[in-house]
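Beneath this line is the structure, given in structure tokens, with notes to follow.
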Amino acid sequence: MKITLKDGSVREYAQAMSVIDIARDLSEGLARVACAGEKDGEAVDLRTVIDGDCALSILTFEDEKGQAAFRHTTSHIMAQAVKRLYPDTKCAIGPSIADGFYYDFDRDHPFTPEELEAIEKEMAKIVKEDIPLERFELPRAEAIAFMKEKEEPYKVELIEDLPEDSVISFYKQGEFTDLCAGPHLMTTKPVKAFKLTSVAGAYWRGSEKNKMLTRIYGTAYPKKSELEAYLERIEEAKKRDHRKIGREMGIFSIMDEGPGFPFFLPKGMTLYNTLLDYWRELHDREGYVEISTPIILSRKLWENSGHWDHYKNNMYTTMIDEEDYAVKPMNCPGGMLVYKLEPHSYRDLPMRVGEIGLVHRHEKSGALHGLMRVRCFHQDDAHIFMTEDQITDEIKGVARLFNEVYSLLGLKYHVELSTRPEDSMGSEEDWEMATKGLQSALDELGLSYVINEGDGAFYGPKIDFHLEDSLGRTWQCGTIQLDFQMPQRFDLEYTGADGEKHRPIMIHRVAFGSVERFIGILIEHFAGKFPVWLAPVQVKLLPISEKYQDYAKSVYAVLKKAGIRAEIDKRDEKIGYKIRQAQLERVPYMLVLGAKEEDEGKVAVRSRKSGDEGACFLDEFIARVKKENDEKALD
């Protein structure tokens, strides 16, 4: 049999071999760090026997699927430790997740910090025992009987939901056996570094109708140094939590009277409007026009767009004049109506139309999280109407615009191309043409991307831009969606050069995505220390006593006239206290004002970055701040 490896080389074997044996044949070192295999694109167990030609990759912890196998094994180790210490505990499910794993348990009371510590110690013993993981299968009926014998009702329920002719796979490690599809490590020994990070409640199978279980979260790495680095990032992330910083800086608030509906405070609105001023400046330069469409529109519109059938569970609805209406979850159907208001020629295309529209989507209360997951938000939408031969150039133009925005803010990104989902509209031919249009644009730009099978919108494939912040975390923000369906559903037309009617093709795109969420990302990315151009307060004036309040007011007037955002700390406090407070507020510049400064017509400058910088004339300081502001410089 011929095995094509990741680097394109081919190995031939005369007999069937397991993945781990092939890894050993390639390199003993590779075999030692192997976590799983990938056969023809599918993650498989190291125990899997290869008996025919295929493409095979040996996955290590450096690979996403390798990490998943490593951490999934750790979740089994944790469950084994729990069963050893607390035998009456019932096991539910324990998958790997991004950055770690969890396991859901049913017991009389939640796990205490002391119990988590005991579980970690028992896990360390299990790792040291170097217990082999053994995979075996049972017919469905035998699998049910097996789990009933072990008194694991949640496992029984999972098996009973499978078809009667199913063959069920299990993994055994010592005295512990778990229902699982795998893949897993060969033994418990490689799990050198792990940490149980938190405990939470979780409904069985995610339904509020079911019992509340206890979920233990954790993470695992092959090396202690990697675990320590991760835990340091987590601690830093807690310090950067946008909810904490947003409260400290007076940017936004979430009230009990409106869960998921954020209130933006004065400084938050300054940040918000500054960001949107930049958006408008950029889009005006790129030839976009801006519109605004109503928040509530009739059911007929949403039926025509497909949202009523494909998205209704996420929509808020109401009755007006005894007819169904919906609060818009997306801006695009309103944009279709605007396009139809007047006839269009091929000479009008491409037509780039932007809208910063307020949309509402129903999110479950448990999913709400500050500005990151809300029930109402503004989308920086734009819709581009174009001819088929304009697709590639328009997508390239949008991608370049996104690159400019993210680079300005110091955000790296990677790109995913999402293809047709199961719940979709339109013909196979349209989807193929749309997908190829996106691919060719990415290829011409030289942007590397990964294919995300089946994750497109219901009306078209899409390109997603995943941003990486200063802590290395990723956030999905920018999206480019190519849509053949909605122009057809709304019967959009333009007159071609041949005098005939043609159907335009449409791009949906957002750069920020949710403006609220993007602000949350920026708060955490900058830890509240915004560059001067974005800072809600750019300069804090600190008179050293009441005596210099008038001088502070005169300086403030000059700064305001120059377009610089400033505040005066008028409190009767010592200057050291005022400086510390301004530092906590993360203000880029402080101007200390006393007798010497007033006499010389100067200001004593302290910067967030460098501390005390000495005195200078006010016009020199203004020129410096305006330069940073105009250049939109990062610190």
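A donor-acceptor contact shorter than 3.5 Å is absent between the side chain of Arg375 and the backbone of Phe261. Put simply, the side chain of Arg586 never gets that close to the backbone of Lys529: no donor and acceptor are under 3.5 Å apart. Although no hydrogens or angles enter the test, the distance criterion places no donor-acceptor pair under 3.5 Å between the side chain of Arg243 and the main chain of Ser253. Side-chain N or O atoms of Asn452 include none that pairs as donor or acceptor with a backbone N or O of Leu417 at under 3.5 Å. Asp380 places a side-chain N or O within 3.5 Å of a backbone atom of Gly513 that can act as its donor or acceptor partner. Between the side chain of Arg11 and the backbone N or O of Ile3 there is no donor-acceptor pair closer than 3.5 Å. Listed for the Arg509 side chain is no donor-acceptor partner under 3.5 Å among the backbone atoms of Ala399.
Glu248 has a carboxylate O that lies under 4.0 Å from a charged side-chain N of Lys244, or vice versa, which qualifies the two as a salt bridge. Taking a cutoff of 4.0 Å between a charged side-chain nitrogen and a carboxylate oxygen, Asp178 and Lys83 do not qualify as a salt bridge. Salt bridge annotation for Lys238-Glu235: present, with a cationic side-chain nitrogen under 4.0 angstrom from a carboxylate oxygen. Between Glu208 and Lys364 there is no salt bridge, since no side-chain nitrogen of the basic residue lies less than 4.0 Å from a carboxylate oxygen of the acidic one.
Rounding to the nearest 0.5 Å gives a distance of 7.5 Å between CG of Leu522 and CD1 of Ile519. Atoms CD1 and NE2, on Ile131 and His76 in that order, are 13.0 Å from each other to the nearest 0.5 Å. Remark: Leu411 CG to Thr474 OG1 distance equals 12.0 Å, nearest 0.5 Å. Rounding to the nearest 0.5 angstrom, the gap separating the SG atom in Cys376 from the CD atom in Glu363 is 11.5 Å. Distance check: Arg517 CZ to Gln476 CD gives 6.5 Å after rounding to the nearest 0.5 Å. Arg361 CZ to Arg373 CZ: the interatomic distance, rounded to the nearest 0.5 Å, is 10.0 Å.
Ring geometry, Trp533 versus Tyr278: the interplanar angle exceeds 60°, so the pair is classed perpendicular (tilted spans 30 to 60°). Between Tyr406 and Phe518, the angle of the ring planes lies from 30° to 60°, which puts this pair in the tilted group. A perpendicular orientation is assigned to the rings of Phe105 and Phe111, their planes being inclined by more than 60° (bins at 30° and 60°). Ring geometry for Tyr272 against His378 counts as perpendicular: the plane angle is over 60°, on a 0 to 90° scale with 30° as the lower cut.
Counting heavy atoms from C-beta on, the side chains of Arg240 and His525 never come closer than 4.5 Å. The shortest distance between side-chain heavy atoms of Lys462 and His508 does not fall below 4.5 Å. The side-chain heavy atoms of Val33 and Pro222, taken from C-beta on, include no pair separated by under 4.5 Å. Residues Val537 and Lys267 have side chains in contact (heavy-atom distance under 4.5 Å, counting atoms from C-beta outward). No side-chain heavy atom of Ser57 sits under 4.5 Å from any side-chain heavy atom of Lys65. Between Glu516 and Phe252, every side-chain heavy-atom pair lies at or beyond the 4.5 Å cut-off. Using a 4.5 Å cut-off on side-chain heavy atoms (C-beta onward), Lys90 and Glu152 make contact. Residues Leu158 and Ile93 form a side-chain contact, since some pair of their non-hydrogen atoms from C-beta on lies under 4.5 Å apart.
In the model, Trp475 has a side-chain atom that pairs as donor or acceptor with a side-chain atom of Asp469 under 3.5 Å. For the 3.5 Å distance criterion, the side chains of Asp104 and Tyr203 fail to qualify, holding no donor opposite an acceptor. Remark: the Glu453 side chain and the Thr419 side chain contain an N/O donor-acceptor pair separated by less than 3.5 Å. Between Thr219 and Asp99, the side chains place no donor N or O within less than 3.5 Å of an acceptor N or O (distance only, hydrogens not considered). Side-chain atoms of Glu175 and Gln80 include a donor-acceptor pair closer than 3.5 Å.
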Task: Arg107 and His109: CA distance, side-chain angles, deciding distance, side chain to side chain contact (heavy atoms under 4.5 Å, CB included) verdict - done: CA-CA 6 Å; Arg107 68 191 308 239; His109 58 275; 3.6 Å; yes
- [ ] Let me see the working for Lys125 and Glu129 under salt bridge (Lys or Arg N to Asp or Glu O under 4.0 Å), right down to the final yes or no.
- [x] CA-CA 6 Å; Lys125 291 180 185 177; Glu129 290 169 22; over 6 Å; no
Task: salt bridge (Lys or Arg N to Asp or Glu O under 4.0 Å) assessment of Asp106 paired with Lys211 - done: CA-CA 9 Å; Asp106 184 4; Lys211 186 173 182 178; 3.0 Å; yes
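Cation-pi geometry between Arg71 and Phe101 is not met at under 6.0 angstrom from the ring centre and within 45 degrees of the axis.
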